[in-house]
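Below, all heavy atoms of this structure are taken into account, side chains as well, without hydrogens, waters or symmetry copies. Remember, predicted model here, so these are calculated numbers, not experimental data.
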Amino acid sequence: MRPLADQTVLITGSTDGLGRAVAVELAHGGARLLLHGRDPERLRDTEAEIRDRTGNAELRTYVADFSALDEVGELAEQVARDHDRLDALVNNAGIGTNLPGDGARLESRDGYELRFAVNYLAHFLLTRSLLPLIVSSAPARIVNVSSAGQAPIDFDDVMLERDYSGIQAYCQSKLAQVMFTFDLAGELDADVATANSLHPATYMPTKIVAAAGVRPASSLEEGVEATLRLVANPDLDGVSGRYFDRRRESRAHPQAYDPAARRQLRELSEQLVRQPARRR
C-alpha cells in the first residue's frame, strides 16, 4: 500500500463520534482527507478543528444528507470530479436505534425506512458510484463500519411496514453492510481493491449510544484503533471479504454467508437506488 501521507481517504460521517476521531488520526498521519457531513456549519467546524490540531491542510469538505439518494449521487460526482484517486473509502455515517425519531418509524426523503436508507443504501450507492475511481487507485481499500448487532433481513418486509422496531431496523441495516462487503470482495481483485467490515467496539461513548440510554463499555480509542487498522495497516494488504470484531476476525450473522440472500439484497438495492419510492 502507499504511504499514508500519499493517500486520499473519504470518511462518511466525519463530524461526530468515531468518524471524527478517525479523521483526526489520519490527518496526523498526513493523509489527504475528504470529510463528509450533512450539516455545513458542523462540517466547517470539524475541518477547522482538525486543521488546527494536526497542522494538516490537505482537507476537503463535502455536504450530503444520506437520507436523500440524489445528494449521495451528487457527492460521488463531486469526489470523482475533484480527485484523480481515492485510496480508501470509510463508510461510517449512520444513525442508531432511536435517534432520530425516539423509537418511531421514519422514512427517508426517497420513501424508504430511514435506518436502512442511511446506514446501508446510501453507502451502497456511494460505493458503487465511486468504484471506478477506487479501482483505478489500486491498491485501494473499502471499509464498512458495521456492528455486532445484526439481524436477518425479511425480504417480504424490508422496510418494516408491518412490525417496526428500531433495534430490528438498525441491526438489519448493519447486516446489510456486511453482506454488501462480502459481495464486493467476491467481485474485486484483492490486489486492486479490498473490502472489509468491522464492529469497531462495543457501546463507545458516542451520541448514538447516549441517545439509547446505554452505558459505554468501550473507549472511543478502541474503535479508532480497530478502524484505522483496516484503513492503513500494511499487514492487511490483499486481505478482503472479512468481518472483524474489533481487531479479531470473526463470524457475522449466518445470513451474510448465504449467496442467495446476498444476491436478493444486491438486486433489491440496485432497484431501490434506480427508482426511489417517492418517484414511482
Side-chain angles (χ1 to χ4, degrees), residues 1 9 11-13 17-19 21-22 25-26 88-97 115-116 119-120 123-124 127 139-154 167-188 190-191 193-206 208-209 212 214-266 269:
M1 64 180 296
V9 182
I11 307 171
T12 68
L18 180 68
V22 168
E25 292 304 314
L26 288 172
L89 169 60
V90 184
N91 287 320
N92 163 77
I95 53 178
T97 59
R115 280 148 183 85
F116 187 83
N119 295 352
Y120 164 67
H123 287 117
F124 174 88
T127 305
R141 297 184 181 188
I142 299 165
V143 177
N144 290 327
V145 179
S146 183
S147 171
Q150 301 168 16
I153 299 168
D154 177 358
I167 293 174
Q168 171 67 26
Y170 175 82
C171 291
Q172 75 166 14
S173 73
K174 289 300 181 179
L175 177 59
Q177 284 185 302
V178 179
M179 295 167 75
F180 179 42
T181 302
F182 291 173
D183 246 15
L184 277 173
E187 173 184 339
L188 298 169
D191 292 329
T194 62
N196 293 293
S197 60
L198 83 157
H199 166 69
T202 300
Y203 297 132
M204 296 174 288
T206 63
I208 287 176
V209 171
V214 178
R215 183 189 299 272
S218 301
S219 68
L220 190 59
E221 290 73 20
E222 289 177 75
V224 171
E225 181 184 10
T227 306
L228 285 175
R229 178 172 172 267
L230 294 189
V231 175
N233 192 317
D235 292 343
L236 293 177
D237 285 351
V239 175
S240 192
R242 312 290 176 86
Y243 166 71
F244 293 88
D245 184 342
R246 286 157 282 199
R247 294 171 55 89
R248 185 186 72 251
E249 187 175 345
S250 187
R251 294 284 292 180
H253 186 281
Q255 192 180 47
Y257 303 94
D258 181 347
R262 292 205 307 269
R263 182 175 61 252
Q264 192 168 2
L265 177 63
R266 179 176 64 250
S269 303

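In this view, Phe182 and Tyr257 satisfy the ring pair (Phe, Tyr, Trp, His ring centres under 6.0 Å) rule, not counting sequence neighbours. Applying the side-chain hydrogen bond (donor to acceptor under 3.5 Å, both in side chains) criterion to Arg262, with sequence neighbours excluded, gives Asp183. With sequence neighbours left out, Glu225 forms a side chain to side chain contact (heavy atoms under 4.5 Å, CB included) with Arg247. Residues that satisfy the side-chain hydrogen bond (donor to acceptor under 3.5 Å, both in side chains) test with Thr194, not counting sequence neighbours, are absent from this structure. Arg246 is linked by a salt bridge (charged side-chain N to carboxylate O under 4.0 Å, His left out) to nothing, counting only residues two or more places apart in sequence or in another chain. In terms of the ring pair (Phe, Tyr, Trp, His ring centres under 6.0 Å) criterion, residue partners of Phe180 (sequence neighbours excluded) are, by chain and number, Phe124. Scanning for side chain to side chain contact (heavy atoms under 4.5 Å, CB included) contacts around Pro152 gives His253, Gln255, with sequence neighbours left out. For Asp258, there are no salt bridge (charged side-chain N to carboxylate O under 4.0 Å, His left out) partners, not counting sequence neighbours. Residues passing the side-chain hydrogen bond (donor to acceptor under 3.5 Å, both in side chains) test with Ser173, sequence neighbours excluded: Asn119. Annotation: side-chain hydrogen bond (donor to acceptor under 3.5 Å, both in side chains) contacts of Gln172 (sequence neighbours excluded): none. Every side chain to side chain contact (heavy atoms under 4.5 Å, CB included) that Thr12 has, sequence neighbours left out, goes to His36, Phe66, Asn91, Asn92, Ala93, His123, Leu126.
Here the CZ atom belonging to Arg263 is positioned 12.0 Å from the CG atom belonging to Leu265, to the nearest 0.5 angstrom. Taking CD of Gln168 as the reference point, atom CZ of Arg115 lies at 12.5 Å (rounded to 0.5 Å). Summarising the geometry, atom CG belonging to Leu184 is positioned 6.5 Å from atom OG1 belonging to Thr127; distances are rounded to the nearest 0.5 Å. Rounding to the nearest 0.5 Å gives a distance of 14.5 Å between CZ of Arg242 and CZ of Arg248.
Contact check for Cys171 versus Lys174: no side-chain heavy atoms found under the 4.5 Å cut-off. Residues Phe244 and Asn196 meet the side-chain proximity criterion, which asks for heavy atoms closer than 4.5 Å.
Taking every heavy atom of both residues into account, Ala226 and Pro200 meet most closely at CB-O, 3.7 Å. Smallest separation of non-hydrogen atoms from Tyr120 and Ser269: OH-OG, 2.6 Å. Considering every non-hydrogen atom in both Ile153 and Leu175, the closest pair reads N-CD2, 4.5 Å.
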Could you give me the CA-CA distance, side-chain angles and deciding distance for Val178 and Asn144, then say whether side chain to side chain contact (heavy atoms under 4.5 Å, CB included) is met?
CA-CA 7 Å; Val178 179; Asn144 290 327; over 6 Å; no
Does the side chain to side chain contact (heavy atoms under 4.5 Å, CB included) test come out yes or no for Val231 and Ile11, once each step is laid out?
CA-CA 10 Å; Val231 175; Ile11 307 171; over 6 Å; no
Walk me through whether Leu18 and Val224 qualify under side chain to side chain contact (heavy atoms under 4.5 Å, CB included).
CA-CA 6 Å; Leu18 180 68; Val224 171; 3.9 Å; yes
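For Glu25 (side chain) and Val22 (main-chain N/O), no donor-acceptor pair under 3.5 Å exists by modelled atom type.
For residues 228-240, the pairs satisfying side chain to side chain donor-acceptor pair (under 3.5 Å) are Arg141-Asp237, with sequence neighbours left out.
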